[in-house]
Colleague: 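Provided herewith is a single structure, encoded as C-alpha cells, for subsequent inquiry.
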Amino acid sequence: MPAIDINLLKAAATVCGKEETRYYLNGVCVDARVDDITCVATDGHRIAAFNDKATWDEGEEPTPFVIIIPSEIVAEIKIFKPVPYGTITPAADGKYLLQYCGRDYLFRPLDATFPDWRRIIPNGVNGETAQFNPRYLADFGKIAKALGDKEGRVCVYHNGLSPAPVYFPGVDGASYVCAVMPHRLSAPEYERPDWTK
C-alpha cells in the first residue's frame with residue numbers, strides 16, 4: 001500500500017461533514033491510484049483536496065483503492081512533525097489499519113460512495129464578488145497553518161454564486177485544490193450614517 005501524508009489527511013479533515021443524513025461526507029476520502037494519492041473532504045459547502053505522489057513498497061504491484069476514513073479516526077491521530085508519512089493496509093473483516101509513528105489505528109471505512117468531487121472544481125472564475133461564511137474562511141486559515149503558513153493566510157478567487165477557489169499564499173510545495181460556496185446574501189446600497197459625519 002502507498003505511504004500517506006498524515007498532514008494532508010488531517011488538513012482535509014478540517015472540512016469534513018458532520019450531518020447524520022449525509023454520513024458519507026463524515027470522513028476523508030483517500031483515492032490511491034498508481035501514480036498519486038489524493039485526500040479529499042467536503043461538507044457540501046467547502047471542499048479541500050490534497051494530492052501527493054504515490055510511493056508503493058518496493059516490489060509491490062500498485063493496487064488502486066478508494067476508501068473513506070471516518071473523521072473520528074483522523075481526529076485521534078497526533079501529528080509528529082518530523083515524520084509526515086504513515087501507511088494504510090487492509091486488515092481482516094473489511095477493516096483497514098493505519099500505522100503512524102508506532103501507533104495503530106484500526107478502522108472500518110464508511111460504507112458509502114464518496115461524491116464525484118472532481119465535477120464541482122471550477123474550471124475558471126468570473127471575478128464577481130460574493131459573500132462567504134466567515135467560519136468557513138477561518139477553517140481554511142487553519143488548513144494554511146497546518147501546511148506551514150504560521151499566519152494562516154487565505155485568498156479567495158471570487159466566482160459569483162459558483163464555487164470560489166481558495167489559495168494559500170504562504171504555502172509552498174503542496175498540490176491542492178480548495179473551494180468554498182458563497183452565501184446567497186445581498187446588501188442594500190451603502191450609505192454612510194449621518195451620525196458618523
Side-chain angles (χ1 to χ4, degrees), residues 4-19 22 24-31 36-53 68-86 100 114-190:
I4 184 169
D5 190 325
I6 301 301
N7 294 294
L8 302 184
L9 183 69
K10 296 279 282 184
T14 305
V15 301
C16 279
K18 296 179 181 176
E19 297 178 19
R22 296 197 291 177
Y24 49 88
L25 300 182
N26 299 345
V28 178
C29 178
V30 176
D31 184 354
D36 65 345
I37 185 167
T38 300
C39 297
V40 58
T42 180
D43 62 0
H45 302 286
R46 60 251 169 98
I47 186 170
F50 302 92
N51 186 262
D52 198 11
K53 180 180 178 183
I68 305 173
I69 302 177
S71 56
E72 58 267 21
I73 296 298
V74 181
E76 289 180 20
I77 303 171
K78 305 300 180 194
I79 291 180
F80 183 58
K81 289 196 178 293
V83 183
Y85 287 94
Y100 175 65
F114 200 76
D116 182 7
W117 61 272
R118 290 178 174 89
R119 182 176 54 83
I120 65 171
I121 302 300
N123 291 320
V125 296
N126 59 26
E128 295 176 15
T129 58
Q131 305 296 328
F132 299 95
N133 184 321
R135 184 171 58 84
Y136 295 164
L137 299 182
D139 283 345
F140 281 118
K142 292 176 186 175
I143 290 175
K145 285 184 177 180
L147 297 178
D149 180 7
K150 293 180 181 178
E151 296 180 35
R153 292 169 289 177
V154 174
C155 291
V156 176
Y157 294 97
H158 286 279
N159 198 23
L161 294 179
S162 298
V166 175
Y167 169 67
F168 306 124
V171 172
D172 295 319
S175 181
Y176 64 88
V177 61
C178 296
V180 59
M181 288 299 296
H183 268 318
R184 293 184 177 271
L185 299 174
S186 60
E189 185 176 343
Y190 174 76

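Counting begins at 1 with the first residue of the sequence.
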Colleague: If every non-hydrogen atom of Leu147 is compared with every non-hydrogen atom of Ala11, which pair is closest and at what distance?
Modeller: CD2-CB, 4.3 Å

Colleague: I want to know whether His45 and Phe132 have ring centres closer than 6.0 Å.
Modeller: no

Colleague: Given Asn51, which of Val40, Ile37, Thr38 fulfils the side-chain contact (heavy atoms from CB on, under 4.5 Å) condition?
Modeller: Thr38

Colleague: Taking atom OG of Ser162 and atom CG of Asn123, what is their separation to the nearest 0.5 Å?
Modeller: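 Here the rounded value is 11.0 Å.
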
Colleague: Taking the side chain as every heavy atom from C-beta outward, state whether Val15 and Ile143 have any atom pair closer than 4.5 Å.
Modeller: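 A side-chain contact under 4.5 Å exists here.
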
Colleague: Would you call Val28 and Cys16 a side-chain contact if the rule is heavy atoms closer than 4.5 Å?
Modeller: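 Val28 reaches Cys16 side chain to side chain.
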
Colleague: Within this structure, what is the CG-CE distance for the pair Asn159 and Met181, rounded to the nearest 0.5 Å?
Modeller: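 Separation between the atoms: 9.5 Å.
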
Colleague: Taking the side chain as C-beta and beyond, is there a heavy-atom pair between Ile121 and Ile47 under 4.5 Å?
Modeller: yes

Colleague: Within a 6.0 Å radius of atom CD on Glu72, are there more than 12 heavy atoms belonging to other residues, nucleotides or ligands?
Modeller: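 Yes.
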
Colleague: Working to the nearest 0.5 Å, report the span between CD1 of Ile69 and CG of Leu9.
Modeller: 5.0 Å

Colleague: Parallel, tilted or perpendicular: which describes the rings of Phe168 and Tyr176, with under 30° parallel and over 60° perpendicular?
Modeller: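 Geometry flag for Tyr176 against Phe168: tilted rings.
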
Colleague: Answer whether the closest heavy-atom distance between the side chains of Tyr136 and Val166 falls below 4.5 Å.
Modeller: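 With C-beta onward as the side chain, the pair stays apart.
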
Colleague: Testing the basics here: between His158 and Glu128, what is the closest heavy-atom pair and its distance to 0.1 Å?
Modeller: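 Here His158 and Glu128 meet closest at CB-O, 3.2 Å.
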
Colleague: Please report the closest heavy-atom contact between Phe80 and Tyr100, naming both atoms and the distance.
Modeller: N-OH, 2.9 Å

Colleague: Taking atom NZ of Lys53 and atom OG of Ser175, what is their separation to the nearest 0.5 Å?
Modeller: 13.5 Å

Colleague: In the structure I gave you, are the side-chain heavy atoms of Asp43 and Lys18 within less than 4.5 Å of one another anywhere?
Modeller: no

Colleague: Return the CZ to OG1 distance between Arg46 and Thr14, rounded to the nearest 0.5 Å.
Modeller: 8.5 Å

Colleague: Restricting to non-hydrogen atoms, name the atom on Pro84 and the atom on Asn7 that form the minimum distance, rounded to 0.1 Å.
Modeller: CB-ND2, 3.6 Å

Colleague: Does Asn26 use its side chain to pair, donor to acceptor, with the backbone of Glu19 at less than 3.5 Å?
Modeller: yes

Colleague: Find the distance between CD (Gln131) and CZ (Arg184) and round it off to the nearest 0.5 Å.
Modeller: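 Between atom CD of Gln131 and atom CZ of Arg184 there are 13.5 Å.
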
Colleague: Measure from the side-chain N and O atoms of Asn126 to the backbone N and O of Gly160, and report whether any donor-acceptor pair falls under 3.5 Å.
Modeller: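 The answer is yes, because a donor-acceptor pair under 3.5 Å joins these two groups.
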
Colleague: Using every non-hydrogen atom in the two residues, find where Ala48 and Ala12 come nearest and quote the distance to one decimal.
Modeller: O-CB, 4.1 Å

Colleague: Do Phe140 and Lys142 touch side chain to side chain, with heavy atoms closer than 4.5 Å?
Modeller: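 Not in contact.
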
Colleague: Give the minimum heavy-atom separation between Leu25 and Thr42, together with the two atoms involved.
Modeller: CB-O, 3.4 Å

